[in-house]
2 protein chains.
Amino acid sequence: MVQISAAHRPEPRDARDKSLEKKREILDAASRVFRRRGLQATGMRDIAAELGMAVGNLYYYFKDKEELLAFVQEDALAGLLEIAARVRETGLRADARLFRLIEEHVVRINEGTPGSLAHLEVEALGETWRREVQERRDEYERAFRDTIQEGIAAGVFRPVDPKVSALAILGAVNWTVKWFRPDGRKSAREIGREQAELLVRGVLAAGVTLETP
Amino acid sequence: MVQISAAHRPEPRDARDKSLEKKREILDAASRVFRRRGLQATGMRDIAAELGMAVGNLYYYFKDKEELLAFVQEDALAGLLEIAARVRETGLRADARLFRLIEEHVVRINEGTPGSLAHLEVEALGETWRREVQERRDEYERAFRDTIQEGIAAGVFRPVDPKVSALAILGAVNWTVKWFRPDGRKSAREIGREQAELLVRGVLAAGVTLETP
DNA sequence: CATACTTTTGAACGATGGTTCAAATCTCCG
DNA sequence: CGGAGATTTGAACCATCGTTCAAAAGTATG
């Protein structure tokens, strides 16, 4: 969820909703352009052009480029965290849950605008925002680490280092944004499932048969 | 290897070597700054500062920023391709070779300056140079794809999609540059070996025992 | 030394990008 | 309709970045 810093403290309800809605529009447009042109390469003017509005107007909704960037990243991470929560609720065995985490992650970041890949470049943020975003990212990584940890405890996974394994997995899936093409041979879901199979098998203990959801 | 376009066509031997040596120095310095500040974020002035020289001097050795960038990337890829060739020569079984490819890749891009991570951002290059660099990168990716393919043919790997698997592996290992810290708990080699074990096991056929070099 | 060359310098130029702001426009409610 | 706020505009400002260039410094050779 996006945390709104009401710049103008408007009347109770209507105006506030209107403003929030507009912020959403801007975030979505920014996501779209980021994906198309790359994060660092897109300027405020590009984002404004995508919306058909004047540059200056962006600054009515966001303090500066960094704040806009941070919001986009938090937004993307919020979506992923929601997925993680849903997967956890299934109560499936660790391998099946890890499988799903991977599959859904690949689908999410590669199709549909709200996915966005922006959170992959935290370096672009200044000290203040970076911590904020990184905290969320750590939370998301923890979903992977915990699942791996639980799998080890349950004996379905080998005794790997949960941190290194989680980062290997996240690296593999995040990398897909660099080469996935919507008009390619395979869908995001197909690729997600293939990668899930590879990566989950990589941590599976000997003698255990993979449980795929 | 770096392909030198002798800008000034100097006398036979000495001057040429001197110039080449200087180019090396610049490439190394550029690599260092890129790693520290990020690719897009570093300017010509930063690179010059790293060397303690004036900005303009860079343009005596490289036509423009793009050429410098392309050379850094080709340089990094050349190092990786050399590793790939050496691994192939070992004649080991496919799983052992893939293991080594992964291990050495992680070591190379994470320690020592000449490793560099610059080749991860091909988008920064213009049309002309991009093809040049991408061709080399494809060649490197082919080393992974071929090894996987051979493993499948030999029955040591499951029948995975070599392309998707290769990209998953490369994603996992390339991602290490985003989180590896030289002063962390584990060395680049340790991390490389752990990831190699995870990733190779991921493609291993049922019943085959991993052969680690 | 003197000469011819390579190498280095740093100021300056033009373009671009983030940002500001006063004015114009829109939106609602009395 | 009128006026008070919210929203939008776009020109202008300023810093930065890639790049150029004429001049200075260095280096080797006769």
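In what follows, chains are A, B, ... by sequence order, proteins preceding strands, each numbered from 1.
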### Query
Closer than 4.0 Å, any side-chain N/O of A/Lys22 to the OP1 or OP2 of D/dT8?
yes
### Summary
Quick note, A/Tyr61 side chain, CB onward, closest among D/dT7, D/dG18, C/dT19 is D/dT7
### Query
CD of A/Glu66 versus C1' of C/dT19: gap in Å, rounded?
14 Å
### Query
Is the CD atom of A/Glu25 crowded by more than 12 outside heavy atoms at less than 6.0 Å?
yes
### Spacing of B/Asp46 atom CG relative to D/dT19 atom P, expressed in whole Å
14 Å
### Message
Please enumerate all residues that pass salt bridge (Lys or Arg N to Asp or Glu O under 4.0 Å) together with B/Arg100, with sequence neighbours excluded.
### Response
none
### Query
Which nucleotide, D/dT19, D/dT9, C/dT7, lies nearest any side-chain atom of B/Ser19?
C/dT7
### Query
More than 12 heavy atoms of other residues, nucleotides or ligands under 6.0 Å from CZ of B/Arg36: is that the case?
yes
### Query
Heavy-atom count around B/Arg37 CZ within 6.0 Å, excluding the residue itself: above 12?
no
#### Entry: Atom pair distance, as rounded to whole Å: CZ in B/Arg45 and P in D/dT20
13 Å
### Summary
Whole-Å distance, A/Phe62 CZ to C/dG18 C1', equals 16 Å
#### Entry: Nearest-neighbour nucleotide for the A/Met44 side chain, D/dT19, C/dT19, D/dT9 considered
C/dT19
### Summary
From OH of A/Tyr59 across to C1' of C/dC21 the rounded distance in Å is 13 Å
### Query
Which whole-number value in Å describes the distance from A/Leu58 CG to D/dT7 P?
14 Å
## Note on the structure
Residue pairs passing the salt bridge (charged side-chain N to carboxylate O under 4.0 Å, His left out) test with at least one member in residues 169-188 of chain B, sequence neighbours excluded, are A/Glu123-B/Lys178, A/Asp161-B/Lys186, B/Lys186-B/Glu194
### Query
Roughly how many Å is it from CG in A/Leu39 to C1' in C/dG17, rounded to a whole number?
14 Å
### Task
May I have the distance from B/Tyr60 (atom OH) to D/dG26 (atom C1'), rounded to whole angstrom?
12 Å
### Message
Can you tell me which nucleotide in D/dT7, D/dG18, C/dT7 comes closest to the side chain of A/Asn57?
### Response
D/dT7
### Task
Using a heavy-atom cut-off of under 4.0 Å over every strand shown, decide if B/Gly56 touches base, sugar-phosphate, or nothing.
base
